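As the structure is a computational prediction, the values presented were derived from the model and not from experiment.
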There are 2 protein chains.
Amino acid sequence: MSRAHATFEIAVDLVVLTVRDGRLAVLLIERGNEPFRGRPALPGGFLRAGEDLLDAAARELAEETGLRGITPDLRQVATYAAPGRDPRGRVATVAYLAILPDLPVPTAGTDAAIARWAPVGPGPDGLAFDHDRILADAVEHARRLLEDTPLATAFCREPFTVAELRGVYEAVWGVALDPRNFHRKVTGVPGYVEPTGDLRSLPTGRPAALFRRGPAEALYPPLQRPRRSLPAPQGD
Amino acid sequence: MSRAHATFEIAVDLVVLTVRDGRLAVLLIERGNEPFRGRPALPGGFLRAGEDLLDAAARELAEETGLRGITPDLRQVATYAAPGRDPRGRVATVAYLAILPDLPVPTAGTDAAIARWAPVGPGPDGLAFDHDRILADAVEHARRLLEDTPLATAFCREPFTVAELRGVYEAVWGVALDPRNFHRKVTGVPGYVEPTGDLRSLPTGRPAALFRRGPAEALYPPLQRPRRSLPAPQGD
DNA sequence: TCTCCATATCGTCGGAGTGACGATAACGGA
DNA sequence: TCCGTTATCGTCACTCCGACGATATGGAGA
């Protein structure tokens, strides 16, 4: 059997998302080496011998964020292997999506690079390699997952209020949601959130009930993001 | 920078689905070489130097099915790279999903192996490598895509009838659908199918109107598969 | 204490979507 | 002509949803 096929290095890149100050943010590092030295990039690293993809993603996440013992759900998003995407040679990268609650600080410096939260905007961010594209794909993936999975609770520290959960949806989808309808829908999905029985007082307003994640792995009925496909009201 | 990372070969495996005789079927080949010689497997091959993933998937599809000029939509499903998944060494594979109308014959023998359509059952099929898992993931992917994308039309040759499209949904989802409600929903989604104005007579029954694919890239409202989460009627 | 404000939570109402299923249409064949 | 079969349209009750009014409950300030 011929062995004439090209060989590759395989990297795992992480799209770590959180919500900070009501805005969606992504964990970025500053590249310390060529290529793209000094440019922001997604954290990631190479797959090691004997290591599976998910293990590598979890290892990189721990190294970049300093998180230990926490196992956030990591979801594979897509794989990119275009020739020329890495000037060093043939490198394929598998992108993973991770969702974290708003941490005090990314605990940078654990590894080689400086990590920081950067707001996710609508346009490109000038990231290294093809990381703009990877980020966009991952964000779109997260937006879809919010609709029919309990992923949004991964953005929140427990216990959380309905308003905090609503803030997650608003930040990720980039839309404003009606607090009353949102409350009705979230509390109406079986197994999505469970009341702890406690309340939390904010600097203003009526105290809010606290919730924890429920056992549901899929949301039914789903929380659909607003669609614009209105029937184009007949002018006149 | 150290270059001590493991190197890999990267393969592209295809999950080519169609509907034959009202049942979901997948294109399988019989392996002609070790490992897993003689075992059925998904068609696929190695990524070549200078080739991108999608190009490799399209090339393999053309080689295995003999299709030329046709560009069915190929969708990346997931990537698998567990150590030991390929006895020959470290091989990562990127799975692609392709949907075809029921072809007369897979036009086997174009490449090295014998290709055939095999029905997709609920259980494992004893495929080589981790292809049982890949197939299951891809089928679940297709089931989801039927809900909110026009993917189902890719199973049909144009023009097609509503009943043929319904047969696709029934085969892929494995459920029976009410013909009247299905007709109402499919023709009610803007841009999903467009009437050609022609009719097709079957050996029996009233002739059916013929349709072609519409311009919609997403279905709204979606055609949701039946959910079982009924409110558990109170026994009493 | 009373008023005001902000947020949380509950209710109401009309419209859209859906599943169950009846009714009718339009063929081929007995 | 009658019948079986499939296609297509209609009806009805129920759910879900978005818009939005009403009420609850805290803190801040008069």
> A:Leu177 CG to D:dC17 P: how many Å, rounded?
Replying inline: 13 Å

> Among pairs that include at least one residue of residues 193-218 of chain A, which meet side-chain hydrogen bond (donor to acceptor under 3.5 Å, both in side chains), considering only residues two or more places apart or in two chains?
Replying inline: A:Glu164-A:Arg200

> Under the side chain to side chain contact (heavy atoms under 4.5 Å, CB included) test, which residues partner B:Ala78, sequence neighbours left out?
Replying inline: A:Gln76, B:Tyr80

> What ring-ring contact (aromatic ring centres under 6.0 Å, His included) pairs are there with at least one residue in residues 131-152 of chain B, not counting sequence neighbours?
Replying inline: B:Phe129-B:His131

>> Applying side-chain hydrogen bond (donor to acceptor under 3.5 Å, both in side chains), can you list everything that pairs with B:Arg133, at least two apart in sequence or on another chain?
In response: B:Asp137

> A:Thr18 and A:Asp102: side-chain donor and acceptor closer than 3.5 Å?
Replying inline: no

> Counting distance only, does the side-chain N/O of A:Asp148 pair as donor-acceptor with the main-chain N or O of A:Leu219 below 3.5 Å?
Replying inline: no

> Residues two or more places apart in sequence or in another chain: which of them pass side-chain hydrogen bond (donor to acceptor under 3.5 Å, both in side chains) with A:Asp73?
Replying inline: A:Arg75

>> I need the full list of ring-ring contact (aromatic ring centres under 6.0 Å, His included) pairs touching residues 179-207 of chain A, with sequence neighbours left out, sorted by first then second residue.
In response: A:Tyr169-A:Phe182

> Looking at residues at least two apart in the chain, or sitting in another chain, which of them share a side-chain hydrogen bond (donor to acceptor under 3.5 Å, both in side chains) with B:Thr79?
Replying inline: A:Thr79

> Once you round it to whole Å, what is the distance between C1' of D:dC9 and CZ of B:Phe182?
Replying inline: 17 Å

Side-chain donor-acceptor distances from residues 171-178 of chain B under 3.5 Å, at least two apart:
from, atom 1, to, atom 2, distance (Å)
B:Trp173, NE1, B:Arg143, O, 3.1
B:Asp178, OD1, B:Arg180, N, 2.8
B:Asp178, OD1, B:Arg180, NE, 3.4
B:Asp178, OD1, B:Asn181, N, 2.9
B:Asp178, OD2, B:Arg180, NH2, 3.0

>> Which residues in residues 162-170 of chain B have a heavy atom closer than 4.0 Å to any atom of DNA chain D?
In response: B:Ala163, B:Arg166

> What does nucleotides 17-27 of chain C look like as a protein-contact string, B for base, S for sugar-phosphate only, - for none, at under 4.0 angstrom between heavy atoms?
Replying inline: -BBBBB--BBB

> What bend angle does the helix from C:dT1-D:dA30 to C:dA30-D:dT1 show across its length, from five-pair end axes and to the nearest 10 degrees?
Replying inline: 20°

>> Does a side-chain N or O of A:His183 approach OP1 or OP2 of C:dT9 to a distance below 4.0 Å, or not?
In response: yes

> What is the distance, rounded to the nearest whole Å, between atom CZ of A:Phe160 and atom P of C:dA8?
Replying inline: 14 Å

>> Without decimals, in angstroms, what is the distance between A:Leu202 CG and C:dC5 C1'?
In response: 14 Å

> Of all residues at least two apart in sequence or in a different chain, which pass the side-chain hydrogen bond (donor to acceptor under 3.5 Å, both in side chains) check with A:Glu147?
Replying inline: A:Arg225, A:Arg227

